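Working notes, structure below.
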Amino acid sequence: MKKLVIIPAFNESESIVSTIKDIKENAPDFDHVIINDCSVDNTYQLCVDNGFNVVNLPINLGIGGAVQTGYLYAYQNGYDLAVQFDGDGQHDAKYLDVMAKELEESRAAMVIGSRFIDKQGFQSSSVRRLGIRYFSFLIKLLTGKKITDPTSGLRMCNREIIKMFADVYPKDYPEPETTVKVLRHKMLVKEIPVVMRAREGGVSSITPKKSIYYMFKVTLAIMIERVRR
(Lines give C-alpha, C1' and ligand atoms only; values in the text may rest on other atoms or scores of the structure.)
Protein backbone atom coordinates (compact mmCIF):
# COMPACT_ATOMS: atom_id res chain seq x y z
CA MET A 1 0.00 0.00 0.00
CA LYS A 2 1.12 3.55 -0.75
CA LYS A 3 0.81 5.59 2.43
CA LEU A 4 1.10 9.35 2.79
CA VAL A 5 1.39 11.73 5.72
CA ILE A 6 -0.15 15.14 4.97
CA ILE A 7 1.33 17.91 7.11
CA PRO A 8 -0.36 21.33 6.83
CA ALA A 9 2.16 23.91 8.00
CA PHE A 10 1.85 27.58 8.83
CA ASN A 11 4.79 29.07 10.73
CA GLU A 12 6.02 25.72 12.08
CA SER A 13 9.75 26.47 11.93
CA GLU A 14 10.25 25.46 15.58
CA SER A 15 8.92 21.94 15.07
CA ILE A 16 8.79 20.93 11.39
CA VAL A 17 12.26 19.31 11.36
CA SER A 18 11.55 17.18 14.45
CA THR A 19 8.12 16.27 13.03
CA ILE A 20 9.65 14.79 9.87
CA LYS A 21 12.38 13.09 11.91
CA ASP A 22 9.65 11.45 14.03
CA ILE A 23 7.87 10.16 10.91
CA LYS A 24 11.05 8.82 9.30
CA GLU A 25 12.09 7.03 12.48
CA ASN A 26 8.73 5.66 13.62
CA ALA A 27 6.75 5.29 10.37
CA PRO A 28 9.36 4.65 7.65
CA ASP A 29 6.80 3.07 5.29
CA PHE A 30 4.98 6.39 4.98
CA ASP A 31 5.84 9.11 2.49
CA HIS A 32 5.24 12.71 3.53
CA VAL A 33 4.15 15.95 1.96
CA ILE A 34 4.32 19.28 3.76
CA ILE A 35 1.80 21.85 2.59
CA ASN A 36 3.43 25.18 3.41
CA ASP A 37 0.46 27.54 3.72
CA CYS A 38 2.31 30.75 2.88
CA SER A 39 4.25 30.81 6.17
CA VAL A 40 5.86 34.13 7.06
CA ASP A 41 8.70 32.53 9.01
CA ASN A 42 11.40 30.24 7.59
CA THR A 43 9.30 27.04 7.52
CA TYR A 44 9.62 26.71 3.74
CA GLN A 45 13.36 27.34 3.73
CA LEU A 46 13.86 24.68 6.40
CA CYS A 47 11.92 22.22 4.24
CA VAL A 48 14.08 23.03 1.22
CA ASP A 49 17.35 22.93 3.16
CA ASN A 50 16.51 19.52 4.63
CA GLY A 51 15.25 18.01 1.37
CA PHE A 52 11.69 17.55 2.62
CA ASN A 53 8.85 16.97 0.15
CA VAL A 54 6.99 20.29 0.24
CA VAL A 55 4.23 22.01 -1.70
CA ASN A 56 4.58 25.79 -1.34
CA LEU A 57 1.23 27.55 -1.63
CA PRO A 58 1.45 31.05 -3.18
CA ILE A 59 -1.34 32.41 -0.96
CA ASN A 60 -2.62 31.49 2.47
CA LEU A 61 -5.58 29.09 2.11
CA GLY A 62 -6.14 28.31 5.78
CA ILE A 63 -6.23 24.85 7.33
CA GLY A 64 -9.01 23.57 5.07
CA GLY A 65 -7.33 24.61 1.84
CA ALA A 66 -3.95 23.29 2.97
CA VAL A 67 -5.34 19.91 3.96
CA GLN A 68 -7.39 19.66 0.77
CA THR A 69 -4.23 20.34 -1.22
CA GLY A 70 -2.67 17.38 0.57
CA TYR A 71 -5.60 15.12 -0.30
CA LEU A 72 -5.46 16.27 -3.92
CA TYR A 73 -1.74 15.43 -3.95
CA ALA A 74 -2.52 12.00 -2.46
CA TYR A 75 -5.23 11.27 -5.03
CA GLN A 76 -3.23 12.41 -8.04
CA ASN A 77 -0.22 10.36 -6.94
CA GLY A 78 -2.15 7.15 -6.35
CA TYR A 79 -1.94 6.79 -2.58
CA ASP A 80 -4.08 4.11 -0.94
CA LEU A 81 -4.33 5.89 2.38
CA ALA A 82 -3.51 9.34 3.71
CA VAL A 83 -3.24 10.66 7.23
CA GLN A 84 -3.44 14.25 8.39
CA PHE A 85 -0.65 15.02 10.86
CA ASP A 86 0.06 18.27 12.69
CA GLY A 87 3.39 19.98 12.11
CA ASP A 88 3.58 21.46 15.62
CA GLY A 89 4.81 18.34 17.40
CA GLN A 90 1.51 17.35 19.02
CA HIS A 91 1.12 14.06 17.12
CA ASP A 92 3.25 10.96 17.59
CA ALA A 93 4.23 9.00 14.47
CA LYS A 94 4.43 5.71 16.38
CA TYR A 95 0.63 5.48 16.07
CA LEU A 96 0.59 5.64 12.26
CA ASP A 97 1.19 1.93 11.70
CA VAL A 98 -1.44 1.11 14.34
CA MET A 99 -3.95 3.34 12.56
CA ALA A 100 -3.11 1.80 9.17
CA LYS A 101 -3.63 -1.69 10.56
CA GLU A 102 -6.99 -0.67 12.04
CA LEU A 103 -8.04 0.96 8.76
CA GLU A 104 -7.24 -2.20 6.81
CA GLU A 105 -8.50 -4.84 9.23
CA SER A 106 -11.77 -3.09 10.14
CA ARG A 107 -12.36 -1.91 6.55
CA ALA A 108 -13.06 1.53 7.96
CA ALA A 109 -13.18 4.61 5.76
CA MET A 110 -11.58 6.77 8.44
CA VAL A 111 -9.61 6.13 11.62
CA ILE A 112 -9.29 8.94 14.17
CA GLY A 113 -6.62 9.13 16.84
CA SER A 114 -8.46 10.04 20.05
CA ARG A 115 -6.82 11.46 23.16
CA PHE A 116 -10.02 10.89 25.18
CA ILE A 117 -10.27 7.09 25.15
CA ASP A 118 -7.42 6.36 27.56
CA LYS A 119 -7.24 10.02 28.66
CA GLN A 120 -3.47 10.14 28.75
CA GLY A 121 -1.06 12.85 27.63
CA PHE A 122 -2.00 16.40 26.67
CA GLN A 123 -5.78 16.82 27.00
CA SER A 124 -6.15 20.39 25.70
CA SER A 125 -7.55 23.25 27.77
CA SER A 126 -10.71 22.97 29.85
CA VAL A 127 -12.54 25.38 27.54
CA ARG A 128 -11.64 23.35 24.45
CA ARG A 129 -12.57 20.09 26.16
CA LEU A 130 -16.00 21.57 26.78
CA GLY A 131 -16.33 22.39 23.08
CA ILE A 132 -15.13 18.92 22.12
CA ARG A 133 -17.76 17.32 24.35
CA TYR A 134 -20.39 19.54 22.74
CA PHE A 135 -19.44 18.44 19.22
CA SER A 136 -19.28 14.83 20.34
CA PHE A 137 -22.83 15.15 21.66
CA LEU A 138 -24.03 16.89 18.50
CA ILE A 139 -22.54 14.24 16.20
CA LYS A 140 -24.06 11.48 18.33
CA LEU A 141 -27.45 13.22 18.20
CA LEU A 142 -27.39 13.65 14.42
CA THR A 143 -25.72 10.41 13.33
CA GLY A 144 -26.09 7.96 16.19
CA LYS A 145 -22.30 7.45 16.27
CA LYS A 146 -20.22 8.43 19.30
CA ILE A 147 -16.96 10.13 18.35
CA THR A 148 -14.94 10.92 21.46
CA ASP A 149 -12.46 13.30 19.77
CA PRO A 150 -14.26 14.98 16.84
CA THR A 151 -11.74 17.82 16.59
CA SER A 152 -8.68 15.55 16.42
CA GLY A 153 -6.37 16.48 13.56
CA LEU A 154 -4.84 12.98 13.55
CA ARG A 155 -7.08 11.15 11.08
CA MET A 156 -6.39 8.54 8.44
CA CYS A 157 -8.54 7.93 5.35
CA ASN A 158 -8.82 5.29 2.65
CA ARG A 159 -8.68 5.90 -1.10
CA GLU A 160 -12.40 6.59 -1.40
CA ILE A 161 -12.31 9.31 1.23
CA ILE A 162 -9.13 10.76 -0.26
CA LYS A 163 -11.04 11.36 -3.50
CA MET A 164 -14.04 12.77 -1.63
CA PHE A 165 -11.89 15.26 0.30
CA ALA A 166 -9.81 16.15 -2.76
CA ASP A 167 -13.04 17.22 -4.48
CA VAL A 168 -14.72 19.09 -1.59
CA TYR A 169 -13.35 20.10 1.79
CA PRO A 170 -14.48 22.72 4.34
CA LYS A 171 -12.50 25.94 4.47
CA ASP A 172 -11.86 26.16 8.20
CA TYR A 173 -12.32 24.03 11.35
CA PRO A 174 -13.06 21.02 9.11
CA GLU A 175 -12.70 18.01 11.40
CA PRO A 176 -16.22 17.69 12.93
CA GLU A 177 -17.88 18.57 9.62
CA THR A 178 -15.92 16.04 7.59
CA THR A 179 -16.58 13.33 10.18
CA VAL A 180 -20.31 13.88 9.75
CA LYS A 181 -19.85 13.83 5.98
CA VAL A 182 -18.24 10.39 6.11
CA LEU A 183 -20.90 9.07 8.51
CA ARG A 184 -23.67 10.51 6.32
CA HIS A 185 -22.39 8.35 3.45
CA LYS A 186 -22.85 5.29 5.70
CA MET A 187 -19.11 4.67 5.92
CA LEU A 188 -17.36 3.29 8.99
CA VAL A 189 -15.43 5.66 11.25
CA LYS A 190 -13.24 4.12 13.95
CA GLU A 191 -11.23 5.62 16.79
CA ILE A 192 -8.08 4.34 18.46
CA PRO A 193 -6.52 5.66 21.67
CA VAL A 194 -3.45 7.87 21.22
CA VAL A 195 -1.33 10.07 23.43
CA MET A 196 -0.81 13.62 22.21
CA ARG A 197 1.76 16.17 23.28
CA ALA A 198 1.66 19.90 23.89
CA ARG A 199 2.74 21.86 20.82
CA GLU A 200 6.49 22.40 20.49
CA GLY A 201 6.16 25.93 19.14
CA GLY A 202 3.95 28.46 17.43
CA VAL A 203 0.46 29.44 18.50
CA SER A 204 -2.94 27.95 17.87
CA SER A 205 -5.08 29.51 15.16
CA ILE A 206 -8.14 29.23 17.42
CA THR A 207 -8.23 32.34 19.59
CA PRO A 208 -10.92 32.95 22.26
CA LYS A 209 -12.73 35.30 19.89
CA LYS A 210 -12.58 32.76 17.06
CA SER A 211 -13.89 30.05 19.39
CA ILE A 212 -17.32 31.70 19.43
CA TYR A 213 -17.40 31.84 15.63
CA TYR A 214 -16.11 28.26 15.56
CA MET A 215 -18.99 26.94 17.65
CA PHE A 216 -21.70 28.61 15.56
CA LYS A 217 -20.09 27.96 12.19
CA VAL A 218 -19.36 24.28 12.79
CA THR A 219 -22.75 23.63 14.37
CA LEU A 220 -24.51 25.11 11.35
CA ALA A 221 -22.20 23.27 8.93
CA ILE A 222 -22.75 19.93 10.68
CA MET A 223 -26.53 20.33 10.59
CA ILE A 224 -26.48 21.26 6.91
CA GLU A 225 -24.16 18.35 6.14
CA ARG A 226 -26.47 15.95 7.97
CA VAL A 227 -29.52 16.83 5.82
CA ARG A 228 -27.69 17.31 2.51
CA ARG A 229 -28.62 14.85 -0.24
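From a predicted model like this one, the values you see are computed outputs, not experimental measurements.
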(request) Using the side chain to side chain donor-acceptor pair (under 3.5 Å) rule, take D88 and Q90 through it: C-alpha gap first, then chi angles, then the decisive distance, then the call. (result) CA-CA 6 Å; D88 58 12; Q90 290 195 78; 2.9 Å; yes
(message) Show, in sequence, the C-alpha distance, side-chain angles and deciding distance for L154 and M99, and conclude whether the side chain to side chain contact (heavy atoms under 4.5 Å, CB included) test is met.
(response) CA-CA 10 Å; L154 181 59; M99 295 176 73; 3.9 Å; yes
(message) Checking R197 against D92 for the salt bridge (charged side-chain N to carboxylate O under 4.0 Å, His left out) test, could you report, in this order, the C-alpha distance in whole Å, the side-chain angles of both residues, the deciding distance, and whether it holds?
(response) CA-CA 8 Å; R197 305 173 288 226; D92 192 332; 3.6 Å; yes
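For the pair M187 and I161, the minimum side-chain heavy-atom distance is below 4.5 Å. Proximity of L142 to I222: side-chain heavy atoms (C-beta onward) are separated by under 4.5 Å at one or more points. With a 4.5 Å cut-off on side-chain heavy atoms, V33 and V54 do not count as touching. You'll find the side chain of Q45 stays beyond 4.5 Å of the side chain of T43, heavy atoms only. No side-chain heavy atom of I7 sits less than 4.5 Å from a side-chain heavy atom of D86. Between I6 and F85 there is no side-chain heavy-atom pair separated by less than 4.5 Å. You'll find the side chain of V83 stays beyond 4.5 Å of the side chain of L4, heavy atoms only. Side chains of V17 and N50 form a contact here, defined as non-hydrogen atoms less than 4.5 Å apart.
Taking the six-membered ring where tryptophan is involved, the planes of Y71 and Y169 are tilted, since the angle between them lies from 30° to 60°.
The environment of K217 atom NZ is dense: over 12 non-hydrogen atoms of other residues, nucleotides or ligands sit within 6.0 angstrom. The neighbour count for M223 CE, taken as heavy atoms of other residues, nucleotides or ligands under 6.0 Å away, does not exceed 12. Around atom NZ of K146, no more than 12 heavy atoms belonging to other residues, nucleotides or ligands sit under 6.0 Å away.
Here D97 does not pair with K101 in a salt bridge; the nearest charged N to carboxylate O distance is not below 4.0 Å. One finds no salt bridge joining K3 and D80 here, because no Lys/Arg side-chain nitrogen approaches an Asp/Glu carboxylate oxygen to under 4.0 Å.
To the nearest 0.5 angstrom, T143 atom OG1 is 9.0 Å from K186 atom NZ. With rounding to the nearest 0.5 Å, the separation of NZ in K171 from CD in E177 is 13.0 Å. One distance of note links CD of Q68 with CD1 of I63; it measures 12.0 Å at 0.5 Å rounding. Between the CG atom of L57 and the SG atom of C38 there is a distance of 7.5 Å, given to the nearest 0.5 Å. Note: R159 CZ to Y75 OH = 5.5 Å, rounded to the nearest 0.5 Å. For the atom pair N77 CG and N53 CG, the distance stands at 8.5 Å (nearest 0.5 Å).
Using modelled atom types and a 3.5 Å distance limit, the side chains of Y134 and T219 yield a donor-acceptor pair. Checked by atom type, the side-chain pair E191/T148 shows a donor-acceptor distance below 3.5 Å. Side-chain atoms of S39 and N36 include a donor-acceptor pair closer than 3.5 Å. Between the side chains of N158 and Y79, no donor-acceptor pair is found at a separation under 3.5 Å.
A donor-acceptor pair is defined here as one N or O able to donate and one able to accept, closer than 3.5 Å; no such pair exists between the side chain of S13 and the backbone of D41. Side chain of D37 to main chain of F10: no donor-acceptor pair is present (N/O by atom type, distance under 3.5 Å, no hydrogens or angles).
Screening R155, K190, R133, R115 against D149 for a salt bridge (Lys or Arg N to Asp or Glu O under 4.0 Å) leaves a single residue, R115.
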